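Only one structure is covered here, and it is reproduced in the block below.
Since this is a predicted model, take the numbers as computed values, not measurements. Both backbone and side-chain heavy atoms feed into the values below; hydrogens, waters and symmetry mates do not.
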Amino acid sequence: MASNLKTLSDFGSAEIPNGIDMKIGIVVAQWNKEITDALLKGAHDTLVKHNVKEENIVTVSVPGTFELTLGAQSLLL
């Protein structure tokens with residue numbers, strides 16, 4: 001997990017849990033799409049690299065930053 005003292009890139013692959021049984025939700029804003037799409041791709045690729053199944057990665061797009069919390073809430077329902 002990333003923190004202000006250690007970034008995710010400081011972890012070796014052996015330290016990151018196997019995601020085979022995980023279901024992950026990602027909420028991404030459409031505002032500033034060039035940046036948010038690149039962040040989404042990086043997150044998705046990293047999850048797949050650590051064995052999270054494609055069908056267990058749920059992505060919700062929202063118009064902007066104010067809607068991120070509502071997008072996250074929709075994943076819980």
Side-chain angles (χ1 to χ4, degrees):
M1 182 181 302
S3 73
N4 64 343
L5 301 177
K6 191 169 191 179
T7 66
L8 188 58
S9 57
D10 290 338
F11 285 86
S13 293
E15 297 176 54
I16 297 174
N18 188 327
I20 194 117
D21 295 324
M22 294 182 182
K23 187 166 185 178
I24 305 290
I26 302 173
V27 183
V28 61
Q30 295 170 358
W31 181 258
N32 210 345
K33 202 162 176 55
E34 184 177 313
I35 292 172
T36 59
D37 281 354
L39 290 169
L40 174 61
K41 182 178 179 349
H44 183 272
D45 292 350
T46 300
L47 291 169
V48 170
K49 176 181 171 184
H50 293 285
N51 301 319
V52 177
K53 297 175 190 168
E54 294 266 355
E55 61 268 17
N56 287 344
I57 302 172
V58 179
T59 304
V60 174
S61 289
V62 296
T65 57
F66 289 112
E67 296 84 8
L68 288 171
T69 55
L70 292 173
Q73 185 178 22
S74 74
L75 289 169
L76 296 173
L77 302 176

Residues that Lys23 engages under salt bridge (Lys or Arg N to Asp or Glu O under 4.0 Å), provided they are two or more places apart
none
How does the hydrophobic cluster around Val48 look, that is, which other residues are in it when side-chain heavy atoms under 4.5 Å mark a link?
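Besides Val48, the hydrophobic cluster comprises Met22, Ile24, Ile26, Val28, Leu40, Leu47, Val52, Ile57, listed by chain and residue number.
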Hydrophobic clusters join Ile, Leu, Val, Met, Phe, Trp and Tyr when side-chain heavy atoms are under 4.5 Å apart, directly or via other members; which others share one with Leu76?
none
Residues that Leu75 engages under side chain to side chain contact (heavy atoms under 4.5 Å, CB included), provided they are two or more places apart
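Residues passing side chain to side chain contact (heavy atoms under 4.5 Å, CB included) with Leu75: Val27, Val58, Val60.
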With sequence neighbours excluded, what pairs up with Asn18 under the side chain to side chain contact (heavy atoms under 4.5 Å, CB included) test?
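Scan of Asn18 (side chain to side chain contact (heavy atoms under 4.5 Å, CB included), adjacent residues dropped) gives Ile20, Asn51.
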Provide the full list of side-chain hydrogen bond (donor to acceptor under 3.5 Å, both in side chains) pairs with a residue in residues 55-71, sequence neighbours left out, each pair given once.
none
For Asp21, give me all partners under side-chain hydrogen bond (donor to acceptor under 3.5 Å, both in side chains), at least two apart in sequence or on another chain.
none
Set of residues satisfying side-chain hydrogen bond (donor to acceptor under 3.5 Å, both in side chains) with respect to Glu54, sequence neighbours excluded
His44
Only pairs at least two apart or in different chains count here, so list each salt bridge (Lys or Arg N to Asp or Glu O under 4.0 Å) that has a residue in residues 33-42.
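The answer is Lys33-Asp37, Lys41-Asp45.
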